[in-house]
Amino acid sequence: MTFKVLLTDYEFENLIYEEKVLKESGLDIQFLKAQCWTEEEVIAHAKDADAIINQYAPISRQVIESLEKCQVISKYGVGVNNIDIAAAAEKGIVVANVPDYGMEEVSNHALALLLAWTRKIPLLNEEVKRGKWDFKSSVPIHRFDQQTIGVLGFGRIPRRFVEKVKPLGAKIAVYDPFVSAADMAKAGAEKMELDELIRVADFLSIHVPLNEQTHHLINEERLKQMKPTAVIINTARGPVVKEAALIEALANGTIAGAALDVTEFEPVSPDNPLLKMDNVILTPHSAWYSEEAMVEVREKAALNIVQVLSGRQSPYAL
């Protein structure tokens, strides 16, 4: 039996890692590649696919209902907000992701943004390059043991982030309704309700998935509750933060700053006010990246397909 595997979209120079996994599976696989941007394009290419590997292309209910024999949809990476999970479940289609490939990279990036902001590295770098050799440009800087780092979410990545932040001496508080206070305490963190965390955090590091409950979780009301000296760090998904409200809060001093690897609309528009704000650090959704992580996510996304088509259970099935 020949299985048709469709890659809906990708941004890699080649597909050697995916092709290797599929070839070595022992299955007869026809691997088709597309660059789909719309639901209609996905439907046209995926209608008779046995399996789908997906990056950004929309896998909506309309797309899923058009699939005639698909067994599994495998997503590059962690976030599956572009896939209608409920529709897939109704049709008996397995949806799998790769939740553990970038744990070190993303937690490191969040830590790097925290340190860069706290020590005013971007500001001081620019000042020195302009010929100004004076620490006073960075005033004020405070010790970590005088601050509270708030963490939204307590899955794999934020747990690693907390492990890495803990030696700095800051108080660590976490909001995650699905994790017990005892579990957080073992990691050296205090469980808090969301509104309490918002009020006390000097830094708020976001690590929640994007779904209906977390979309615009940080909005006008919650931004107003934050300290005027507070900083938001986001290495999760841009739409968790209502960007228009964030821009207004940054402009009027409601909060002190933001360090963002993600924005609500990507790539960031050239006229986005965030690009001109001195109190914002931006990176281009690169927190996940290392050479090793890129290989791992691609191999595991393909392996999800092989496991399901072979009649086995993928450990990453949602």
Side-chain angles (χ1 to χ4, degrees), residues 75 77-81 83 85-86 89 94-115 144-219 221-223 225-227 230-242 255 259 261-262 287-288 300 313-318:
K75 174 66 187 281
V78 182
V80 291
N81 47 286
I83 302 173
I85 306 294
V94 174
V95 176
N97 62 351
V98 188
D100 56 357
Y101 81 100
M103 289 170 53
E104 295 304 318
E105 287 77 9
V106 178
S107 56
N108 284 343
H109 202 89
L111 177 61
L113 291 174
L114 172 68
L115 291 170
F144 274 109
D145 63 9
Q146 303 297 311
Q147 300 180 79
T148 296
I149 298 174
V151 181
L152 292 188
F154 208 54
R156 292 178 177 88
I157 291 170
R159 284 174 187 263
R160 286 295 289 139
F161 174 69
V162 167
E163 289 175 12
K164 294 168 182 178
V165 167
K166 189 178 176 183
L168 298 176
K171 177 180 178 180
I172 302 170
V174 180
Y175 168 74
D176 190 322
F178 305 106
V179 179
S180 70
D183 194 0
M184 293 180 187
K186 290 177 184 176
E190 179 183 349
K191 183 180 176 74
M192 287 188 181
E193 293 302 316
L194 179 57
D195 287 341
E196 180 185 9
L197 183 68
I198 293 291
R199 288 194 299 270
V200 304
D202 294 290
F203 293 89
L204 183 66
S205 191
I206 298 171
H207 300 278
V208 294
L210 178 61
N211 53 41
E212 290 182 3
Q213 289 70 43
T214 63
H215 184 265
H216 287 179
L217 183 67
I218 305 302
N219 51 31
E221 292 73 22
R222 292 201 166 103
L223 287 164
Q225 294 178 51
M226 297 184 75
K227 294 179 179 180
V231 175
I232 287 176
I233 299 169
N234 191 2
T235 53
R237 287 292 183 269
V240 173
V241 180
K242 188 174 181 181
I255 64 171
D261 183 55
V262 290
W288 65 274
K300 287 184 173 180
Q313 176 74 26
S314 167
Y316 299 133
L318 300 175

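Hydrogens, waters and symmetry mates play no part in the numbers below; they use all other heavy atoms, side chains included. A quick note: this is a predicted structure, and the numbers were derived from the prediction, not measured. For this chain, numbers begin at 1 and follow the sequence in order.
Within the model, atoms CG of Leu152 and CE of Met192 stand 12.0 Å from one another, a figure rounded to the nearest 0.5 Å. Between Lys191 atom NZ and Leu197 atom CG the span is 11.0 Å, to the nearest 0.5 Å. Atom CG of residue Asn81 and atom CZ of residue Arg237 lie 5.5 Å apart, to the nearest 0.5 angstrom. For the atom pair NE2 (His215) and NZ (Lys242), the distance works out to 9.5 Å, reported to the nearest 0.5 Å. Atom CD in Glu105 sits 9.0 Å away from atom CD1 in Ile157 (nearest 0.5 Å). Between Asp195 atom CG and Glu221 atom CD the span is 10.5 Å, to the nearest 0.5 Å.
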Begin from the C-alpha positions of Asp202 and Phe144 and carry the test side-chain contact (heavy atoms from CB on, under 4.5 Å) through to its verdict. CA-CA 10 Å; Asp202 294 290; Phe144 274 109; over 6 Å; no

Worked verdict on Val165 versus Val151 for side-chain contact (heavy atoms from CB on, under 4.5 Å): CA-CA 11 Å; Val165 167; Val151 181; over 6 Å; no

Walk me through it: do Leu114 and Val231 pass the test side-chain contact (heavy atoms from CB on, under 4.5 Å)? CA-CA 9 Å; Leu114 172 68; Val231 175; over 6 Å; no

Using the side-chain contact (heavy atoms from CB on, under 4.5 Å) rule, take Leu194 and Arg222 through it: C-alpha gap first, then chi angles, then the decisive distance, then the call. CA-CA 9 Å; Leu194 179 57; Arg222 292 201 166 103; 3.3 Å; yes

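Residues passing the ring pair (Phe, Tyr, Trp, His ring centres under 6.0 Å) test with His207, sequence neighbours excluded: Phe161. The side chain to side chain donor-acceptor pair (under 3.5 Å) test applied to Gln147 returns no partner, not counting sequence neighbours. Scanning for salt bridge (Lys or Arg N to Asp or Glu O under 4.0 Å) contacts around Lys300 gives Asp100, Glu296, with sequence neighbours left out. Legend: residues meeting side chain to side chain donor-acceptor pair (under 3.5 Å) with Glu190, ordered by chain and number and at least two apart, are Lys171. For Lys164, the side chain to side chain donor-acceptor pair (under 3.5 Å) criterion is met by Glu104, Ser107, Asn108, not counting sequence neighbours. For Thr148, there are no side chain to side chain donor-acceptor pair (under 3.5 Å) partners two or more places apart in sequence or in a different chain. Remark: Val241 engages Ile206, Ile218, Asn234, Leu246 in a side chain to side chain contact (heavy atoms under 4.5 Å, CB included) (not counting sequence neighbours). The side chain to side chain contact (heavy atoms under 4.5 Å, CB included) test applied to Val78 returns Asn97, Tyr101, not counting sequence neighbours. Among residues two or more places apart in sequence or in another chain, the side chain to side chain contact (heavy atoms under 4.5 Å, CB included) test is passed with Ala112 by none. In this view, Val94 and Val72, Val308, Ala317 satisfy the side chain to side chain contact (heavy atoms under 4.5 Å, CB included) rule, not counting sequence neighbours.
Across all non-hydrogen atoms, the minimal contact from Ala170 to Ile149 is CB-CD1, 3.7 Å. The minimum heavy-atom distance linking Ala201 with Ala230 is given by the pair O-CB, 3.6 Å. Minimum heavy-atom separation, Arg156 to Pro99: NH1-CB, 3.4 Å.
Ion pairing between a basic and an acidic side chain is recognised when a charged N comes within 4.0 Å of a carboxylate O; Arg160 and Glu163 show such pairing.
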Name the atoms and distances for all side-chain donor-acceptor pairs under 3.5 Å in residues 172-187, with sequence neighbours left out.
unit_1: Asp176; atom_1: OD1; unit_2: Phe178; atom_2: N; d: 2.9
unit_1: Asp176; atom_1: OD2; unit_2: Phe154; atom_2: N; d: 2.8
unit_1: Ser180; atom_1: OG; unit_2: Asp183; atom_2: N; d: 3.0
unit_1: Asp183; atom_1: OD1; unit_2: Arg159; atom_2: NH1; d: 3.3
unit_1: Asp183; atom_1: OD2; unit_2: Arg159; atom_2: NH2; d: 2.8

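A distance-only check finds a donor-acceptor pair linking the side chain of Asp261 to the backbone of Ala287 [under 3.5 Å]. Remark: the backbone N or O of Val98 is not paired with any side-chain donor or acceptor of Lys75 at under 3.5 angstrom.
Contact check for Leu168 versus Leu115: side-chain heavy atoms found under the 4.5 Å cut-off.
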